[in-house]
Amino acid sequence: MREPKLISPSLLARTALAAAPLLLGQTLVRVTEEGEIRCRIVETESYGGAEDRGSHAFGNRRTNRTEVMFAAGGIAYVYLIYGMYSCLNVVVGEMDDPQAVLIRAVEPLSESDQELMLRHRGRFSGKAANLSNGPGKLCRALRIDRSLNGYPLVRAGGVLRLESGDAADELPIVQCPRINIDYAGEYALKPWRFYIDGNPYVSVKDKHPMPWRG
DNA sequence: TATCGGATTGACT
DNA sequence: GTCAATCCGATAG
């Protein structure tokens, strides 16, 4: 077994569009009072730049909520959606350029990881993948909420951190339009969602996914 | 201050 | 397939 290692900061200095596929296969580590949970990122979405109408920071909208998106890459952007679910983003890119990658699905790396995640999910039914096959679900399973907004993700010993996992160029990565952003006009059609093809934890399989070529 | 609606989910028809 | 839960951010007034 390889020594766990934080992911390369250079990956997080890229734009969201470049970083989103590269985050697939990487390891997300969450430490709670109950123990450490390790999981693999299997689905992401890019929200990048002032011109992306789907992004909270569209038009360089700089508010209390979006402020963390303007920081240099390497911290978490966690927001509350529909009054009841948290969503986790990885802020990437240069300072003052709002770039973030939404983590939409993760897969527990071991049975003990799965058990801890299960304990954090209140009601739960159906197939195992329902544990964390969606942005709100994975935040429940990993006990992530807005108290972690702005948290640094590349710090050894951090309670939420990114470690290197599988290399993206060895994975069957596909891309397709993002989910639930009808308000974004033509930007709702951009193929800025990425996932590991065939992975059971992917939230929604696209009808016509395109192979991603790094 | 008031209003609108959301980068979702689970329950139900 | 439909729909409501439930809070707060963004915007209008």
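Being a predicted model, the structure only gives us computed values, none of them experimental. In what follows, every chain begins at residue 1, and chains take the letters A, B, ... in the order their sequences are listed.
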(request) Please work out if R62(A) contacts a base, only the sugar-phosphate, or nothing of the nucleic acid, heavy-atom cut-off 4.0 Å. (result) nothing
(message) Can you tell me if H56(A) touches the phosphate of dG9(C), counting only side-chain N or O atoms and a distance under 4.0 Å to OP1 or OP2?
(response) no
(message) For a 4.5 angstrom cut-off between non-hydrogen side-chain atoms, does F194(A) reach L17(A)?
(response) yes
(request) Rounded to whole angstrom, note down the C1' distance from dG1(C) over to dA7(B). (result) 23 Å
(message) Check this for me: does any side-chain nitrogen of one of R30(A) and E36(A) sit under 4.0 Å from a carboxylate oxygen of the other?
(response) no
(message) As a test of reading the structure: which of dT9(B), dA7(B), dG9(C) is closest to the side chain of I181(A), going by heavy atoms?
(response) dA7(B)
(message) Looking at K5(A) and E163(A), is any side-chain nitrogen of the basic one under 4.0 Å from a carboxylate oxygen of the acidic one?
(response) no
(message) OP1 or OP2 of dC8(C) versus the side-chain N and O atoms of R146(A): is any pair under 4.0 Å?
(response) yes
(message) Can you tell whether the side chains of E67(A) and R65(A) come within less than 4.0 Å, N to carboxylate O?
(response) no
(request) In whole angstrom, give the distance that lies between atom CG of L131(A) and atom P of dT8(B). (result) 18 Å
(request) Give a yes/no on whether any side-chain N or O of Y77(A) is located under 4.0 angstrom from OP1 or OP2 of dA7(B). (result) no
(message) Using a heavy-atom cut-off of 4.0 Å across all strands, would you classify T66(A) as base, sugar-phosphate, or nothing?
(response) sugar-phosphate
(message) Could you tell me if R178(A) sits above the aromatic ring of Y47(A), with its cationic atom closer than 6.0 Å to the ring centre and no more than 45 degrees from the axis?
(response) yes
(request) Could you work out which one of dA10(C), dT8(B), dC8(C) sits closest to the side chain of T63(A)? (result) dA10(C)
(request) Rounded off to whole Å, could you give me the CG-to-C1' distance for the N60(A) and dA10(C) pair? (result) 16 Å
(request) Determine if Y82(A) stacks with dT8(B); use a centre-to-centre distance below 5.5 Å and an interplanar angle below 30° as the criteria. (result) yes
(message) What is the separation between atom CE on M69(A) and atom P on dA10(C), rounded to the nearest whole Å?
(response) 11 Å
(request) Using whole Å, report how far OH of Y85(A) lies from C1' of dA11(B). (result) 10 Å
(message) So L28(A) and L160(A), do their side chains get closer than 4.5 Å, heavy atoms only?
(response) yes
(message) Can you tell me which nucleotide in dA7(B), dA10(C), dT9(B) comes closest to the side chain of R65(A)?
(response) dA10(C)
(request) Would you check if Y47(A) stacks with the base of dA7(B), given a 5.5 Å centroid limit and a 30° plane limit, both strict? (result) yes
(message) From the set dG6(B), dA10(C), dC7(C), return the single nucleotide nearest to any side-chain atom of R61(A).
(response) dA10(C)
(request) Over 60° means perpendicular and under 30° means parallel, so classify the ring planes of H56(A) and Y79(A), tilted if in between. (result) perpendicular
(request) May I ask you to say what G54(A) touches in the nucleic acid, namely base, sugar-phosphate or nothing, with a heavy-atom cut-off under 4.0 Å? (result) base
(message) Does R140(A) reach a base, just sugar-phosphate, or nothing at all? Heavy atoms under 4.0 Å.
(response) nothing
(request) Side chain of R121(A) only, please: which of dA7(B), dT9(B), dG10(B) is the nearest? (result) dG10(B)
(request) From the options dA7(B), dT8(B), dA10(C), select the nucleotide whose nearest atom is closest to the side chain of N180(A). (result) dT8(B)
(request) Would you kindly give the CG-to-P distance between N133(A) and dT8(B), to the nearest whole Å? (result) 13 Å
(request) Just call it for R178(A): base, sugar-phosphate, or nothing, with non-hydrogen atoms closer than 4.0 Å on any strand. (result) nothing
(request) Round to a whole Å and report the spacing from CG of L80(A) to P of dT9(B). (result) 13 Å
(request) Would you give the length of the straight line joining atom CD of E111(A) to atom CG of L118(A), rounded to the nearest 0.5 angstrom? (result) 11.5 Å
(request) Scan G83(A) against the nucleic acid and name what it touches under 4.0 Å (heavy atoms): base, sugar-phosphate only, or nothing. (result) base
(message) Rounded to whole Å, how long is the line connecting atom CG of L138(A) with atom P of dT9(B)?
(response) 8 Å
(request) Give one of base, sugar-phosphate or nothing for L102(A), where a contact means two heavy atoms less than 4.0 Å apart. (result) base
(message) In whole Å, I'd like the distance from the CD1 atom of I81(A) to the P atom of dA7(B).
(response) 4 Å
(message) Any non-hydrogen side-chain atom of P172(A) less than 4.5 Å from a side-chain atom of W212(A)?
(response) no
(message) Please give the stem ranges for DNA chain C, sorted by first residue number, where a stem is three or more consecutive Watson-Crick or G-U pairs and both donor-acceptor distances are under 3.5 Å.
(response) B:1-6 with C:7-12, B:8-12 with C:1-5
